[in-house]
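One structure is given below, encoded as structure tokens.
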There are 2 protein chains.
Amino acid sequence: MTLKAQFDHTNCSECPIRHRAVCAHCEANELEELEKIKYYRSFEAGQTIIWSGDPMSFVGSVVSGIASLTQAMEDGRTQMVGLLLPSDFVGRPGRDTAPYDVVAKTDLVMCCFRKKPFEEMMVTTPHIAQRLLEMTLDELDAAREWMLVLGRKTAREKIASLLSIIVRRDATLHASSASGPIVFDLPLSREAMADYLGLTLETVSRQISALKKDQVITLESKRHVTVPDMGRLMEEAGDDTDGGFLI
Amino acid sequence: MTLKAQFDHTNCSECPIRHRAVCAHCEANELEELEKIKYYRSFEAGQTIIWSGDPMSFVGSVVSGIASLTQAMEDGRTQMVGLLLPSDFVGRPGRDTAPYDVVAKTDLVMCCFRKKPFEEMMVTTPHIAQRLLEMTLDELDAAREWMLVLGRKTAREKIASLLSIIVRRDATLHASSASGPIVFDLPLSREAMADYLGLTLETVSRQISALKKDQVITLESKRHVTVPDMGRLMEEAGDDTDGGFLI
DNA sequence: AAGGTACTTTGACCGAGATCAAGTGGAAAC
DNA sequence: GTTTCCACTTGATCTCGGTCAAAGTACCTT
């Protein structure tokens, strides 16, 4: 099998997990072993999927719903360090314990593989490691992009940046690439947004109100957002880059 | 070759790049091809090794010296998103352009491999991808740990955190694992520390003075630091975790 | 319809860190 | 020796976002 073929699962329309995951449907055509160690798990909104420090017995992908990766200090301060949207991979081949909490933010379904057999497959099936490397590099880029947001952006820019990446992830999932007004639902509470942005929920609320007053966004309800001009929003985010951002 | 053997280059004492890199010495014993595409490059302090957005023709490891990964906004605000110490890997197999500036902070030597042949080798030599995956996961953990620092820690905690990771990286390089006072040189200017911590250089200076006044550290000169009690420093950093931190 | 709960908004005030501005010290250059 | 330069320190003031508090809103259950 050529390298091209190995990376060419990007458009399997059958697959609920799409291109960024180790796709059960795609893999199964090549590797009946993967099918054997595959199983599904459901979680309710608010449920903790993995506790930081616990041994991890599985890896997998988000099929539907949204989860967060969160780090905490002992005094209670918390920082969300990643968002898991459908197609995102969870887990660390070669790692025994989870480095952070994984919490379902909505009802959520995961497609899991038992870790041990999965790791064995990585040895015998090289292109799995290569695809995981691709995905991990994407996540690393996203994490570093986010470091700029956390370290240097103002509260208003942080909010605009978060809205931008949510829109962008939505766009890649729904393939609705068009100019003109964009409508979407916020998958996160104000508190969760604050955790992601290194702010307080009050500041998040105030800045959203300010963006609304300045007509950068419109709110049909507290969670339902319209962006009349995406270019304007990205300006507010202080973003020149229109690529990147894959959290 | 077994999985264990594949990951067992961790203690090659000959190799200047040590365990986290694709080690030219180690690999050469198995793969004369790697030797063929290997070459060394030297840089002076302050020199930019890679410009953000430029095409990248090589990957490689830091042999000696220190470099930074930096992201910038168009208005000049910058955020350092990673430190490259000896043994760290630079470059993205499968990526065409560099996502951030790489700048030598001290005089620096890199061991490089031309990217194209390196990528071809990744296909034929599975365990290279597996080792790169390991390393990338380490970097991702470090980046996310740093997101907590940037998003939630106070200026004083940020400084203590930075000193902690420098000490820790120093320790793994010099294998000087002992309790008692620790002495080391700051490889970064106050401005570079500020860039890493999302602060201004004035705040960095003030907080270092404060830590000195409170006898958490001693300064023999502006860059030469003594830490009488490492536990105290980590307390100041707000760190419970004594693992992790591999930036 | 009434009450409860969780989420959100808004206001008043405060403080950590940014900004602006001098001043210091030490090493290299002349 | 002294001049220059650069990294660093310290001071004064301001501002953005945090903190504390209260009120508003939507969605439950009863």
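In what follows, chains are A, B, ... by sequence order, proteins preceding strands, each numbered from 1.
- For DNA chain D, the contact window with chain A, defined by any atom under 4.0 Å from a protein heavy atom, covers D/dG17 to D/dC20 in 5' to 3' order.
- Scored by the salt bridge (charged side-chain N to carboxylate O under 4.0 Å, His left out) test, A/K105 finds no partners at all (sequence neighbours excluded).
- With a 4.5 Å cut-off on side-chain heavy atoms, A/L108 and A/V62 count as touching.
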Can you give each donor-acceptor pair under 3.5 Å made by side-chain atoms of residues 50-59 of chain A, sequence neighbours left out, with the distance rounded to 0.1 Å?
none

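- The number of heavy atoms from other shown groups lying within 6.0 Å of CD (B/Q215) does not exceed 12.
- Identified under the salt bridge (charged side-chain N to carboxylate O under 4.0 Å, His left out) test for residues 75-86 of chain A, with sequence neighbours left out: A/D75-A/R77, A/R77-B/E157.
- Listed by chain and residue number, A/R92, A/R95 satisfy the salt bridge (charged side-chain N to carboxylate O under 4.0 Å, His left out) test with B/D141 (two or more places apart in sequence, or in another chain).
- Residues forming a salt bridge (charged side-chain N to carboxylate O under 4.0 Å, His left out) with B/D229 (at least two apart in sequence, or on another chain): none.
- Each end of the helix from C/dA1-D/dT30 to C/dC30-D/dG1 gets its own axis, taken as the rotation carrying the C1' atoms of four end pairs onto the next four within a five-pair window, and the two axes meet at 30° to the nearest 10 degrees.
- The outermost nucleotides of DNA chain C lying under 4.0 Å from heavy atoms of chain B, listed 5' to 3', are C/dG17 to C/dC20.
- Taking a cutoff of 4.0 Å between a charged side-chain nitrogen and a carboxylate oxygen, A/R144 and B/E139 qualify as a salt bridge.
- Residue contacts for B/S221: at a heavy-atom cut-off of 4.0 Å it reaches no nucleic acid atom on any strand shown.
- A heavy atom closer than 4.0 Å to some atom of DNA chain C occurs in no member of residues 212-220 of chain B.
- Annotation: of the two residues near DNA chain C, A/E191 and B/T154, the 5′-most nearest-nucleotide partner is A/E191.
- The stretch residues 199-208 of chain A touches DNA chain C through A/L201, A/E202, A/S205, A/R206, each having a heavy atom under 4.0 angstrom from the strand.
- With 3.5 Å as the limit, one finds no donor-acceptor pair spanning the side chains of B/Q79 and B/T70.
- Under 3.5 Å, the side chains of A/S161 and A/S164 contain no donor-acceptor pair of N or O atoms.
- At a threshold of 4.0 angstrom between heavy atoms, the contacts of B/G198 are confined to the sugar-phosphate backbone, with no base atom among them.
- B/L219 pairs in a side chain to side chain contact (heavy atoms under 4.5 Å, CB included) with only one of the listed residues (B/L211, B/V225, B/L186), which is B/V225.
- Of the N and O atoms on the side chains of A/K212 and A/T218, not one donor lies less than 3.5 Å from an acceptor on the other residue.
- Atoms CG and CE, on A/L162 and A/M80 in that order, are 8.5 Å from each other to the nearest 0.5 Å.
- Residue contacts shown for A/R156 are absent, as no nucleic acid heavy atom lies under 4.0 Å away.
- In this structure A/T78 satisfies the side chain to side chain donor-acceptor pair (under 3.5 Å) test together with A/D195, sequence neighbours excluded.
- Residues satisfying the salt bridge (charged side-chain N to carboxylate O under 4.0 Å, His left out) criterion with B/E202, sequence neighbours excluded, are absent altogether.
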